[in-house]
Amino acid sequence: MFTGIVEELGTIEAVEDQGDAIRLTVRATTVLEDAGLGDSISVNGCCLTIAERTDTTWTADVMQETLDKTSLHGVRPGDQVNLERAVTAEKRLGGHIVQGHVDGVGQVLSRTPSEHWEVVEVSLPADLGRYLVDKGSIAVDGISLTVVEAGTDRFTVSLIPETLARTTLGTRQPGDRVNLEVDVLAKHVERLLAWRDTAGTVTP
């Protein structure tokens, strides 16, 4: 589990094509401070497992299912990626509960800069629109953000200078693909309500 607070920008060091998977090597510093084999790291919002590591890089296996459903398909050496270690019980929950399970891929539609922030509009797969509300939470490339305006097939977020400087959203341009994870609490509520409507009653 993650919080959506990006710890550092890593750099793709190598991408090894394995046919139905890739082996991804990422250069990093902060997330490697206490990382061991088997630990989880979020890469642009995708939860990956450390299979190998050195003092400056770590490697993960990315299965075809992940490539099919996320923007990790097509990453190249030199690309920057958002990195976050799994949350611990002692860590402040500065963002919101993020699982690292991408629900869909959107596209940056527009960027509107102002003096102190930038409004970014992102497309949204139609089946995810029901999970968004104004002032609710969404993870975009693993970044916990507050929805400014929620539409049925798009939404907007306002990015402060810190987010622009420390994450990949500072350089994403219209047409770029981004990973989206909606609030898991909204999905649980929907599931419970659907069960109640089917069963007629809820048993404590």
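Just the heavy atoms: all of them, side chains too, but no hydrogens, waters or symmetry mates, feed the values below.
- In this structure, the side chains of Val133 and Phe155 stay at 4.5 Å or more apart for every pair of heavy atoms.
- Between the side chain of Arg53 and the backbone N or O of Leu32, at least one donor-acceptor pair lies under 3.5 Å.
- Counting heavy atoms from C-beta outward, Leu164 and Glu118 have side chains that approach closer than 4.5 Å.
- In this structure, the side chains of Leu180 and Leu124 come closer than 4.5 Å at one or more pairs of heavy atoms.
- Counting all heavy atoms, side chain and backbone alike, Val108 lies closest to Gln173 at CB-O, 3.5 Å.
- Under a 3.5 Å cut-off, the side chain of Glu8 and the backbone N or O of Thr29 do form a donor-acceptor pair.
- Of all heavy-atom pairs spanning Arg111 and Gly170, the tightest one is NH2-O, 3.9 Å.
- Residues Leu169 and Val120 fail the side-chain proximity criterion, which asks for heavy atoms closer than 4.5 Å.
- In this structure, Glu52 pairs ionically with Arg23, as a charged nitrogen and a carboxylate oxygen lie closer than 4.0 Å.
- A side chain to side chain contact (heavy atoms under 4.5 Å, CB included) with Val148 is found for exactly one of Thr156, Asp134, Val119, namely Thr156.
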*Where do Ser42 and Asn82 land on the side-chain contact (heavy atoms from CB on, under 4.5 Å) test, with the steps shown first?*
CA-CA 8 Å; Ser42 170; Asn82 299 318; over 6 Å; no
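- Within the 4.5 Å cutoff, no side-chain heavy atoms of Asp141 are placed close to those of Thr167.
- Proximity of a side-chain donor or acceptor of Glu181 to a complementary backbone N or O of Gly100 within less than 3.5 Å is detected.
- Residues Lys135 and Val147 fail the side-chain proximity criterion, which asks for heavy atoms closer than 4.5 Å.
- The existence of a salt bridge linking Lys91 and Glu84 is confirmed by a sub-4.0 Å separation between a basic side-chain nitrogen and an acidic carboxylate oxygen.
- Among Val15, Asp79, Leu48, the one residue that satisfies the side chain to side chain contact (heavy atoms under 4.5 Å, CB included) test with Leu72 is Leu48.
- One finds no salt bridge joining Lys69 and Asp103 here, because no Lys/Arg side-chain nitrogen approaches an Asp/Glu carboxylate oxygen to under 4.0 Å.
- Other residues, nucleotides and ligands place more than 12 heavy atoms under 6.0 Å from the CD atom of Gln18.
- Judged purely by atom type and a 3.5 angstrom limit, Thr163 has no side-chain atom pairing as donor or acceptor with the backbone of Leu159.
- Within the 4.5 Å cutoff, the side chain of Val81 has heavy atoms near those of the Ile12 side chain.
- Counting heavy atoms from C-beta outward, Phe2 and Ser40 have side chains that approach closer than 4.5 Å.
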